[in-house]
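Only one structure is covered here, and it is reproduced in the block below.
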Amino acid sequence: MTETNPRHFLDVDDLSAAELDEVLGLAAEYKAEQQAGVLHDDLDNQTLGMVFEKPSTRTRVSFETGMTQLGGHAVFLSDSDLQLGRGEPLKDTSRALSRYVDVLMARLFDHEALEEIAAYADVPVVNGLTDDAHPCQTLADLLTIQEHTGGLSEATVAWVGDGNNVAQSFVIGAALAGIDLTIATPEGYEIDADVIERAGELGPAPTVSDDPAAAVDGADVVYTDVWVSMGQEDEREEKLAAFDGYQVNDDLLADAADDVAVMHCLPAHRGEEITDDVLESDHAIVWDQAENRLHAQKGLLVWLCEYA
Ligand code: CP
Ligand code: NVA
(Lines give C-alpha, C1' and ligand atoms only; values in the text may rest on other atoms or scores of the structure.)
(Ligands and ions follow the chains in the order given, each with its own letter.)
Protein backbone atom coordinates (compact mmCIF):
# COMPACT_ATOMS: atom_id res chain seq x y z
CA MET A 1 0.00 0.00 0.00
CA THR A 2 1.05 3.60 -0.51
CA GLU A 3 3.06 5.35 2.18
CA THR A 4 1.98 8.80 1.05
CA ASN A 5 -1.55 10.06 1.48
CA PRO A 6 -2.69 11.66 -1.78
CA ARG A 7 -6.31 12.81 -2.19
CA HIS A 8 -8.23 10.72 -4.71
CA PHE A 9 -11.44 11.45 -6.61
CA LEU A 10 -13.15 8.09 -6.97
CA ASP A 11 -16.62 9.49 -6.40
CA VAL A 12 -18.05 12.95 -5.77
CA ASP A 13 -18.22 12.51 -2.00
CA ASP A 14 -14.44 12.24 -1.84
CA LEU A 15 -14.93 16.02 -1.68
CA SER A 16 -16.78 17.82 1.10
CA ALA A 17 -19.50 20.28 0.08
CA ALA A 18 -17.02 23.14 0.63
CA GLU A 19 -14.33 21.40 -1.46
CA LEU A 20 -16.83 20.72 -4.24
CA ASP A 21 -17.61 24.41 -4.21
CA GLU A 22 -13.88 25.22 -4.50
CA VAL A 23 -13.44 22.87 -7.47
CA LEU A 24 -16.50 24.32 -9.23
CA GLY A 25 -15.23 27.83 -8.47
CA LEU A 26 -11.85 27.02 -10.05
CA ALA A 27 -13.64 25.47 -13.03
CA ALA A 28 -15.72 28.61 -13.58
CA GLU A 29 -12.55 30.75 -13.34
CA TYR A 30 -10.69 28.61 -15.87
CA LYS A 31 -13.67 28.78 -18.21
CA ALA A 32 -13.95 32.56 -17.97
CA GLU A 33 -10.20 32.99 -18.42
CA GLN A 34 -10.05 30.66 -21.40
CA GLN A 35 -12.88 32.63 -23.01
CA ALA A 36 -10.88 35.82 -22.36
CA GLY A 37 -7.78 34.26 -23.96
CA VAL A 38 -5.78 34.03 -20.70
CA LEU A 39 -3.14 31.27 -20.80
CA HIS A 40 -1.98 29.22 -17.80
CA ASP A 41 0.98 27.16 -16.69
CA ASP A 42 -0.46 26.00 -13.38
CA LEU A 43 0.49 22.36 -14.07
CA ASP A 44 3.71 23.22 -15.89
CA ASN A 45 5.91 20.12 -16.27
CA GLN A 46 3.27 17.81 -14.74
CA THR A 47 1.97 14.66 -16.39
CA LEU A 48 -1.41 12.95 -16.23
CA GLY A 49 -1.48 9.20 -16.93
CA MET A 50 -4.83 8.06 -18.43
CA VAL A 51 -5.65 4.33 -18.29
CA PHE A 52 -8.61 3.26 -20.44
CA GLU A 53 -10.33 -0.16 -20.40
CA LYS A 54 -13.40 1.26 -22.19
CA PRO A 55 -13.78 3.64 -25.15
CA SER A 56 -14.11 7.39 -24.69
CA THR A 57 -14.45 10.57 -26.72
CA ARG A 58 -15.17 13.35 -24.20
CA THR A 59 -13.26 12.08 -21.19
CA ARG A 60 -10.07 11.34 -23.08
CA VAL A 61 -10.01 14.52 -25.12
CA SER A 62 -11.11 16.88 -22.33
CA PHE A 63 -8.47 15.54 -19.92
CA GLU A 64 -5.75 15.63 -22.55
CA THR A 65 -6.68 19.11 -23.77
CA GLY A 66 -7.07 20.33 -20.20
CA MET A 67 -3.53 19.24 -19.31
CA THR A 68 -2.17 20.96 -22.43
CA GLN A 69 -4.00 24.19 -21.53
CA LEU A 70 -2.53 24.06 -18.02
CA GLY A 71 1.02 23.71 -19.34
CA GLY A 72 1.24 19.98 -18.58
CA HIS A 73 1.05 16.78 -20.56
CA ALA A 74 -1.19 13.69 -20.70
CA VAL A 75 -0.29 10.12 -21.66
CA PHE A 76 -3.03 7.90 -23.12
CA LEU A 77 -2.65 4.29 -21.93
CA SER A 78 -5.04 1.72 -23.34
CA ASP A 79 -5.20 -1.43 -21.22
CA SER A 80 -4.42 -3.53 -24.28
CA ASP A 81 -1.17 -1.63 -24.80
CA LEU A 82 -0.12 -1.79 -21.16
CA GLN A 83 1.42 -4.88 -19.55
CA LEU A 84 -1.87 -4.84 -17.58
CA GLY A 85 -3.43 -6.42 -20.67
CA ARG A 86 -0.91 -9.29 -20.36
CA GLY A 87 -1.72 -9.88 -16.71
CA GLU A 88 0.54 -7.47 -14.80
CA PRO A 89 -1.32 -6.89 -11.50
CA LEU A 90 -3.09 -3.58 -10.97
CA LYS A 91 -1.13 -2.90 -7.82
CA ASP A 92 2.17 -3.21 -9.73
CA THR A 93 0.88 -1.04 -12.58
CA SER A 94 -0.26 1.56 -10.07
CA ARG A 95 3.07 1.68 -8.20
CA ALA A 96 5.13 1.84 -11.38
CA LEU A 97 2.99 4.59 -12.96
CA SER A 98 3.11 6.56 -9.69
CA ARG A 99 6.89 6.86 -10.12
CA TYR A 100 6.42 8.68 -13.44
CA VAL A 101 3.21 10.66 -13.46
CA ASP A 102 1.89 13.36 -11.11
CA VAL A 103 -1.77 12.35 -11.33
CA LEU A 104 -3.50 9.26 -12.68
CA MET A 105 -6.95 8.92 -14.26
CA ALA A 106 -8.54 5.56 -15.06
CA ARG A 107 -11.70 4.44 -16.87
CA LEU A 108 -12.36 0.85 -15.79
CA PHE A 109 -15.21 -1.63 -15.59
CA ASP A 110 -14.80 -2.66 -11.96
CA HIS A 111 -14.98 0.09 -9.33
CA GLU A 112 -13.06 -2.09 -6.85
CA ALA A 113 -10.20 -2.29 -9.35
CA LEU A 114 -10.04 1.50 -9.31
CA GLU A 115 -9.98 1.44 -5.50
CA GLU A 116 -7.05 -0.98 -5.72
CA ILE A 117 -5.17 1.37 -8.05
CA ALA A 118 -5.81 4.21 -5.59
CA ALA A 119 -4.69 2.13 -2.61
CA TYR A 120 -1.29 1.56 -4.24
CA ALA A 121 -0.82 4.96 -5.93
CA ASP A 122 1.46 7.63 -4.51
CA VAL A 123 -0.30 10.26 -6.62
CA PRO A 124 -3.94 11.39 -6.83
CA VAL A 125 -6.20 8.95 -8.71
CA VAL A 126 -9.25 10.22 -10.60
CA ASN A 127 -12.22 8.11 -11.68
CA GLY A 128 -12.77 8.54 -15.42
CA LEU A 129 -15.85 6.24 -15.17
CA THR A 130 -16.44 2.80 -13.68
CA ASP A 131 -19.53 0.60 -13.79
CA ASP A 132 -20.61 2.27 -10.53
CA ALA A 133 -19.68 5.94 -10.81
CA HIS A 134 -18.77 8.80 -13.15
CA PRO A 135 -17.89 11.70 -10.84
CA CYS A 136 -16.03 13.84 -13.41
CA GLN A 137 -19.26 13.90 -15.39
CA THR A 138 -21.07 15.15 -12.29
CA LEU A 139 -18.63 18.06 -11.87
CA ALA A 140 -19.42 19.19 -15.41
CA ASP A 141 -23.14 18.61 -14.82
CA LEU A 142 -23.16 20.82 -11.73
CA LEU A 143 -21.24 23.57 -13.51
CA THR A 144 -23.76 23.39 -16.35
CA ILE A 145 -26.80 23.49 -14.06
CA GLN A 146 -25.25 26.44 -12.21
CA GLU A 147 -24.89 28.31 -15.52
CA HIS A 148 -28.37 27.54 -16.82
CA THR A 149 -30.51 27.99 -13.68
CA GLY A 150 -30.80 30.45 -10.82
CA GLY A 151 -28.22 28.44 -8.83
CA LEU A 152 -27.70 24.87 -7.69
CA SER A 153 -29.82 25.05 -4.55
CA GLU A 154 -32.62 26.72 -6.57
CA ALA A 155 -32.76 24.05 -9.27
CA THR A 156 -35.42 21.33 -9.54
CA VAL A 157 -33.92 18.42 -11.44
CA ALA A 158 -35.41 15.14 -12.66
CA TRP A 159 -33.32 12.09 -13.54
CA VAL A 160 -35.27 9.82 -15.91
CA GLY A 161 -33.93 6.43 -16.96
CA ASP A 162 -31.33 3.96 -15.80
CA GLY A 163 -29.95 4.06 -12.27
CA ASN A 164 -26.47 3.74 -13.78
CA ASN A 165 -22.96 5.07 -13.07
CA VAL A 166 -23.80 8.59 -14.31
CA ALA A 167 -27.01 8.67 -12.25
CA GLN A 168 -25.30 7.39 -9.11
CA SER A 169 -22.58 10.03 -9.07
CA PHE A 170 -25.10 12.70 -9.99
CA VAL A 171 -27.28 11.73 -7.01
CA ILE A 172 -24.31 12.17 -4.68
CA GLY A 173 -23.25 15.45 -6.29
CA ALA A 174 -26.79 16.81 -6.29
CA ALA A 175 -27.13 16.11 -2.57
CA LEU A 176 -23.80 17.82 -1.82
CA ALA A 177 -24.84 20.81 -3.92
CA GLY A 178 -28.31 21.07 -2.34
CA ILE A 179 -30.25 20.29 -5.52
CA ASP A 180 -33.91 19.27 -5.32
CA LEU A 181 -33.75 15.97 -7.24
CA THR A 182 -36.44 13.50 -8.27
CA ILE A 183 -35.45 10.18 -9.81
CA ALA A 184 -37.60 7.95 -12.02
CA THR A 185 -36.12 4.51 -12.72
CA PRO A 186 -37.92 1.30 -13.69
CA GLU A 187 -38.13 -1.65 -11.35
CA GLY A 188 -34.92 -3.64 -11.38
CA TYR A 189 -32.80 -0.70 -12.59
CA GLU A 190 -32.92 1.54 -9.51
CA ILE A 191 -29.99 3.46 -8.09
CA ASP A 192 -28.21 1.36 -5.43
CA ALA A 193 -29.81 1.76 -2.00
CA ASP A 194 -26.44 2.61 -0.42
CA VAL A 195 -26.01 5.51 -2.88
CA ILE A 196 -29.43 6.91 -1.93
CA GLU A 197 -28.50 6.51 1.72
CA ARG A 198 -25.12 8.25 1.22
CA ALA A 199 -26.90 11.09 -0.59
CA GLY A 200 -29.40 11.48 2.23
CA GLU A 201 -26.53 11.92 4.68
CA LEU A 202 -24.93 14.63 2.54
CA GLY A 203 -27.87 16.87 1.70
CA PRO A 204 -31.50 16.86 0.60
CA ALA A 205 -32.60 13.24 0.06
CA PRO A 206 -33.73 12.60 -3.54
CA THR A 207 -37.34 11.62 -4.21
CA VAL A 208 -37.31 8.14 -5.75
CA SER A 209 -40.10 6.86 -8.00
CA ASP A 210 -40.91 4.79 -11.08
CA ASP A 211 -43.09 7.53 -12.61
CA PRO A 212 -41.26 9.61 -15.28
CA ALA A 213 -44.23 11.98 -15.83
CA ALA A 214 -44.46 12.84 -12.12
CA ALA A 215 -40.67 13.27 -11.87
CA VAL A 216 -40.58 15.70 -14.79
CA ASP A 217 -43.63 17.72 -13.65
CA GLY A 218 -42.39 21.29 -13.08
CA ALA A 219 -38.70 20.36 -13.44
CA ASP A 220 -36.19 23.03 -14.51
CA VAL A 221 -33.78 20.37 -15.72
CA VAL A 222 -34.42 16.87 -17.09
CA TYR A 223 -31.40 14.56 -17.29
CA THR A 224 -31.09 11.17 -18.94
CA ASP A 225 -28.43 8.75 -20.16
CA VAL A 226 -28.29 5.63 -22.30
CA TRP A 227 -30.24 2.57 -21.22
CA VAL A 228 -27.47 0.21 -22.36
CA SER A 229 -24.14 1.23 -20.88
CA MET A 230 -20.72 0.05 -22.02
CA GLY A 231 -20.35 -3.60 -21.09
CA GLN A 232 -24.12 -4.25 -20.92
CA GLU A 233 -24.60 -5.08 -24.60
CA ASP A 234 -25.86 -8.62 -23.74
CA GLU A 235 -28.73 -7.09 -21.72
CA ARG A 236 -29.86 -4.86 -24.57
CA GLU A 237 -33.23 -6.43 -25.47
CA GLU A 238 -34.21 -6.93 -21.84
CA LYS A 239 -33.32 -3.33 -20.97
CA LEU A 240 -35.10 -1.78 -23.96
CA ALA A 241 -38.30 -3.56 -22.86
CA ALA A 242 -37.90 -2.50 -19.22
CA PHE A 243 -37.45 1.19 -20.15
CA ASP A 244 -40.62 1.48 -22.22
CA GLY A 245 -42.22 4.82 -21.20
CA TYR A 246 -38.95 6.35 -19.99
CA GLN A 247 -37.94 8.07 -23.25
CA VAL A 248 -37.30 11.81 -22.95
CA ASN A 249 -39.51 13.12 -25.74
CA ASP A 250 -41.83 16.10 -26.35
CA ASP A 251 -44.77 14.36 -24.66
CA LEU A 252 -42.82 13.67 -21.50
CA LEU A 253 -41.51 17.24 -21.38
CA ALA A 254 -44.98 18.80 -21.79
CA ASP A 255 -45.43 19.27 -18.04
CA ALA A 256 -41.85 20.35 -17.31
CA ALA A 257 -40.97 24.06 -16.94
CA ASP A 258 -41.54 25.96 -20.21
CA ASP A 259 -37.82 26.66 -20.48
CA VAL A 260 -36.79 23.20 -19.26
CA ALA A 261 -33.12 22.39 -19.90
CA VAL A 262 -32.42 18.85 -21.11
CA MET A 263 -29.15 17.20 -20.20
CA HIS A 264 -27.42 14.05 -21.46
CA CYS A 265 -23.83 13.08 -20.69
CA LEU A 266 -23.43 11.69 -24.26
CA PRO A 267 -22.98 9.61 -26.27
CA ALA A 268 -26.77 9.43 -26.88
CA HIS A 269 -28.76 6.67 -28.53
CA ARG A 270 -31.34 8.72 -30.42
CA GLY A 271 -34.73 7.01 -30.53
CA GLU A 272 -34.03 5.07 -27.32
CA GLU A 273 -33.63 7.17 -24.15
CA ILE A 274 -34.10 10.49 -25.99
CA THR A 275 -35.55 11.61 -29.32
CA ASP A 276 -33.59 13.37 -32.03
CA ASP A 277 -36.15 16.22 -31.82
CA VAL A 278 -35.40 16.87 -28.16
CA LEU A 279 -31.64 16.57 -28.58
CA GLU A 280 -31.68 19.01 -31.49
CA SER A 281 -34.10 21.42 -29.78
CA ASP A 282 -33.23 24.65 -27.96
CA HIS A 283 -33.98 22.84 -24.69
CA ALA A 284 -30.89 20.64 -25.00
CA ILE A 285 -27.82 22.00 -23.22
CA VAL A 286 -25.73 18.94 -23.98
CA TRP A 287 -22.96 20.75 -25.85
CA ASP A 288 -22.38 23.17 -22.97
CA GLN A 289 -22.44 20.13 -20.70
CA ALA A 290 -19.84 18.36 -22.87
CA GLU A 291 -17.66 21.50 -23.02
CA ASN A 292 -17.82 21.83 -19.26
CA ARG A 293 -16.03 18.49 -18.88
CA LEU A 294 -12.91 20.39 -19.91
CA HIS A 295 -13.31 23.27 -17.48
CA ALA A 296 -14.48 21.12 -14.57
CA GLN A 297 -11.55 18.73 -14.94
CA LYS A 298 -9.05 21.59 -15.15
CA GLY A 299 -10.46 22.78 -11.82
CA LEU A 300 -10.25 19.28 -10.38
CA LEU A 301 -6.70 18.59 -11.60
CA VAL A 302 -5.36 21.84 -10.22
CA TRP A 303 -7.24 21.34 -6.95
CA LEU A 304 -5.83 17.82 -6.51
CA CYS A 305 -2.28 18.67 -7.57
CA GLU A 306 -1.89 22.11 -5.99
CA TYR A 307 -4.50 22.69 -3.27
CA ALA A 308 -5.34 19.33 -1.64
N1 CP B 1 -19.72 11.49 -21.15
C2 CP B 1 -18.59 10.78 -21.35
O3 CP B 1 -17.91 10.35 -20.41
O4 CP B 1 -18.27 10.60 -22.65
P5 CP B 1 -17.13 9.67 -23.25
O6 CP B 1 -17.55 8.24 -23.02
O7 CP B 1 -17.05 10.03 -24.69
O8 CP B 1 -15.85 9.94 -22.50
N1 NVA C 1 -23.64 5.14 -18.70
C2 NVA C 1 -22.76 5.27 -19.85
C3 NVA C 1 -22.00 6.54 -19.76
C4 NVA C 1 -21.04 6.80 -20.90
C5 NVA C 1 -20.29 8.08 -20.74
C6 NVA C 1 -21.83 4.08 -19.91
O7 NVA C 1 -21.31 3.68 -18.88
O8 NVA C 1 -21.63 3.55 -21.01
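Computation of the quantities below employed the complete heavy-atom set of this structure, encompassing side-chain atoms and omitting hydrogens, waters and symmetry-equivalent molecules. Atoms within each ligand, like the ligands themselves, are counted from 1 in listed order.
Applying the ring pair (Phe, Tyr, Trp, His ring centres under 6.0 Å) test between Tyr189 and each of Phe243, Trp159, Tyr246, Trp227 identifies Phe243 as the sole match.
No single ILVMFWY cluster, assembled from side-chain heavy atoms under 4.5 Å apart, contains both Tyr223 and Val216. Leu39 and Met67 fall into different hydrophobic clusters, where Ile, Leu, Val, Met, Phe, Trp and Tyr side chains are chained together by heavy-atom contacts under 4.5 Å.
Atom 4 (O) of ligand 1 has its closest protein heavy atom at Arg58 NE, 2.9 Å.
Interface atoms of ligand 1 facing His134, defined by a heavy-atom separation under 4.0 Å, are 2 (C), 3 (O). Of all atoms in ligand 1, listed by their number and element, those nearer than 4.0 Å to a heavy atom of Leu266 are 1 (N), 2 (C), 4 (O).
Residues passing the side-chain hydrogen bond (donor to acceptor under 3.5 Å, both in side chains) test with Asp225 are Asn164, sequence neighbours excluded.
A donor-acceptor distance shorter than 3.5 angstrom exists from the side chain of Thr130 to the backbone of Ala133, with no hydrogens or angles considered.
Checked by distance only, ligand 1 and Arg60 stay at 3.5 Å or farther apart across all their nitrogen or oxygen atoms. Residue-to-ligand polar distances place Cys265 within reach of ligand 1: an N/O pair is separated by less than 3.5 Å.
Checked for salt-bridge contact, Glu280 and Arg270 meet the test: a charged N lies under 4.0 Å from a carboxylate O.
Proximity of Gln34 to Lys298: side-chain heavy atoms (C-beta onward) are separated by under 4.5 Å at one or more points. Looking at heavy atoms from C-beta onward, Ser169 lies in side-chain contact with Asp11 at the 4.5 angstrom threshold. Taking the side chain as every heavy atom from C-beta outward, Leu114 and His8 never approach each other to under 4.5 Å.
Contacts with ligand 1 closer than 4.0 Å are made by side-chain heavy atoms of Arg107 only, the backbone lying farther away. Contacts between Val166 and ligand 1 below 4.0 angstrom, taking non-hydrogen atoms only, are absent altogether.
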Walk me through whether His40 and Tyr30 qualify under ring-ring contact (aromatic ring centres under 6.0 Å, His included). CA-CA 9 Å; His40 285 279; Tyr30 281 119; 5.0 Å; yes

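Within 4.0 Å of ligand 2, contacts by protein heavy atoms are made from Leu129, Asn164, Asn165, Val166, Asp225, Val226, Ser229, Met230, Leu266.
Residue-ligand proximity: Arg293 is placed with a non-hydrogen atom under 4.0 Å from ligand 1.
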